[in-house]
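As C-alpha cells, the structure follows; a few thoughts come after it.
Within every chain, numbering begins at 1; the chains are lettered A, B, ... in the order of the sequence lines, protein sequences first and strands thereafter.
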Number of protein chains: 2
Amino acid sequence: MGFMAQSAPTADRILTVATDLFGRRGIAGTSLDDIAGTVGVAKQTLLYWYPSKDALIGKVLTATAVELLYAIDKPVRGAGDGFARVEATINSVFAAAVRRPSLLGLVRELNRLDTNTSDQLLDSMRSHIDTAVVWLEGEMQAGRLRKADPRILLSLVYATVVGVATETEALRAVGWEPTVGNLRKLRREMIEFLRAALLP
Amino acid sequence: MGFMAQSAPTADRILTVATDLFGRRGIAGTSLDDIAGTVGVAKQTLLYWYPSKDALIGKVLTATAVELLYAIDKPVRGAGDGFARVEATINSVFAAAVRRPSLLGLVRELNRLDTNTSDQLLDSMRSHIDTAVVWLEGEMQAGRLRKADPRILLSLVYATVVGVATETEALRAVGWEPTVGNLRKLRREMIEFLRAALLP
DNA sequence: ACCTTTCTCTACCAAATGGTAGAGGAGAGA
DNA sequence: TCTCTCCTCTACCATTTGGTAGAGAAAGGT
C-alpha cells in the first residue's frame with residue numbers, strides 16, 4: 001500500500017508543481033523534465049503517476065477548477081444581497097489568487113486548449129455560471145444592481161478580477177510593487193471600481 | 001534590389017504570421033516550422049530574415065508595441081475631456097483587437113518574458129503611461145472622474161478591456177457568440193461598465 | 001524465506017526543434 | 001556574357017522532448 005516519501009505523496013507534489021509551472025510559464029512552455037526536476041524526481045516517476053503529458057494536463061485542469069469553484073462557492077452561499085455578495089466572491093477569488101498565483105494564470109491557458117478539452121471544463125462550470133446569471137438578473141430587477149446584460153456583465157467582472165490578479169507586468173508598468181500593503185490597497189481599489197461599476 | 005514574391009515582401013509576411021501565431025498559441029507553443037509552413041516558405045528563409053527565434057520575437061514585440069501605441073495615440077490627442085476621451089481610447093483599442101485579435105493576445109505574453117526583454121518594452125511605453133496618469137489625476141481633481149489611485153485605476157481599465165477582448169473562452173462560457181451584432185453589443189456594455197466605474 | 005505489489009530509477013528511442021553550411025537561381029551592372 | 005548581390009532552397013546537425021522497456025529497492029502477506 002501507499003506511504004509517503006516526503007511531506008506529501010509523490011503524485012500530489014507532482015500535481016502541485018505542474019499547476020505552478022503551467023500557470024506561470026504556460027503549458028507549452030513547461031516540459032516534463034522541468035516539472036520532474038523541480039519536484040526532485042526522475043521523469044519516469046512522473047510518467048508512472050500520469051501516463052502522458054496530456055493526462056497530467058487534464059488532471060491539473062480539473063483539480064484547478066475544483067479548487068477555484070470550492071473557494072468561490074462558500075462566500076456565494078453566505079453573504080447577503082446586492083453588492084455585498086459580489087464583494088465576498090471577489091475577495092475569495094482574490095485571496096485564492098494571492099495564495100496560489102498560478103491558479104488564475106492557468107485559467108487563462110483555456111484559450112489555448114483544443115475545443116474538446118475546454119468544452120469539458122466549461123460544462124463542469126455551466127451550472128455555477130447559470131446560477132450566477134439568474135441571481136444577477138434578480139438583483140437587477142430588484143434595483144440593487146445596475147441594469148445590464150447579466151452574462152456580459154459577468155464576463156466583464158471576470159476579466160477585471162482575473163486580469164488584474166494575473167497580469168503583474170501591467171501593474172509593474174504603472175510602478176506598482178507587490179508588497180503586502182500594496183496588495184491590500186489594490187484589492188480595495190478594485191472593490192471600489194467594481195462597486196461603482198455595478199451599483200445602479 | 002528587393003522585389004516582392006507575392007503580395008508583400010517575405011520579411012513582412014513572416015512578421016505578420018509570427019505575430020498572429022505567437023498571439024494565438026503563445027510564443028513557446030509556436031515553432032519556427034509552424035510559422036514558415038503557414039507563410040509557405042522554407043524555415044531557412046525565415047532564418048535568413050530573422051537570424052534566430054529570439055530575434056524574431058524581439059521584432060514581433062516591438063512592432064506590436066508600435067502598432068498599438070499608434071492606434072491609441074490618435075484618439076487620445078483628439079476628443080474632449082472626461083470620460084469622452086477614455087471612451088475614444090477604448091474604442092480604438094477595441095477596434096484594433098477586433099481587426100487583429102493576436103495583438104492583445106501577444107501583450108499577455110509579456111508576463112512570460114524574461115525581465116530584461118519586458119523592461120525594455122515597458123520603457124518604450126513609460127512616457128505614454130505617465131501622460132495618462134497625469135491626465136487622470138487632473139480629471140479627478142476637476143471632478144470629472146471618480147477619485148481613486150490613478151495608476152491602479154489605469155491597470156484596472158487595462159485589465160478589463162484587454163481581458164474581455166482576449167479571453168474568448170470566458171465569453172463562450174456565458175453563451176456569448178462572436179457575431180458582428182454581439183460584438184457591437186459587447187463594446188456598448190463594456191463602455192457602460194467603464195462609464196459607471198469611472199464617473200464620480 | 002519467498003513471492004507479490006508498489007514505487008522509483010537508469011538506459012534508450014523517435015520525433016520535433018532551433019540552428020548551420022552551402023548550393024543554386026535570378027536580376028542588375030559591367 | 002560574366003559576375004556580383006540578393007534571396008530561397010535542400011541537406012544536415014545537436015539538443016530537447018514526450019514516451020517505452022525494464023531493472024531494482026522496499027515493504028507486506030503467507
Residue-phosphate contact under 4.0 Å: Y48(A) side-chain N/O, dC7(C) OP1/OP2: yes

Euclidean distance, atom CG of residue L46(B) to atom P of dT10(D) [Å, nearest integer]: 15 Å

Residue closer to the 5' end of DNA chain D, D34(A) versus P51(A) (nearest nucleotide): D34(A)

Proximal nucleotide (of dG18(C), dG19(D), dT10(C)) relative to the S52(A) side chain: dG19(D)

Heavy-atom neighbours of E67(B) CD exceed 12 at 6.0 Å: yes

Whole-Å gap separating P (dG18(C)) and CZ (F22(B)): 9 Å

Carboxylate-amine/guanidinium proximity below 4.0 Å for R85(A) and E139(A): no

Atom-pair distance (CG on D33(A); C1' on dT16(D)), nearest Å: 8 Å

Carboxylate-amine/guanidinium proximity below 4.0 Å for R151(B) and D130(B): yes

From dG19(C), dT10(C), dT20(D), nucleotide with atom closest to A42(A) side chain: dT10(C)

Contact under 4.0 Å: T45(A) side-chain N or O vs dC9(C) OP1/OP2: yes

Atom-to-atom span, OH of Y50(A) to C1' of dG18(D) - whole angstrom: 17 Å

Donor-acceptor side-chain pairing of S31(A) and D34(A) below 3.5 angstrom: yes

L47(B) CG to dG22(C) P, straight-line distance once rounded to whole Å: 16 Å

Sugar-phosphate only, base, or nothing, as touched by L32(B) at under 4.0 Å among non-hydrogen atoms: sugar-phosphate

dG19(C) base / K53(B) side chain donor-acceptor hit below 3.5 Å: no

side-chain N/O T10(A) vs dC7(C) OP1/OP2, d < 4.0 Å: no

Nucleotide dG19(D), atom C1' - distance to CG of L56(A) in whole Å: 14 Å

Value in whole Å for how far the C1' atom of dC6(D) lies from CD of Q44(B): 14 Å

Integer-rounded Å distance: dA21(C) P and K43(B) NZ: 15 Å

Donor-acceptor pairs are to be reported for all side-chain atoms of residues 47-61 of chain A against protein atoms at under 3.5 Å, with residues two or more places apart or in another chain.
residue	atom	partner	partner atom	Å
Y50(A)	OH	A11(A)	O	2.9
S52(A)	OG	A55(A)	N	3.2
K53(A)	NZ	I27(A)	O	3.2
K53(A)	NZ	T30(A)	O	2.8

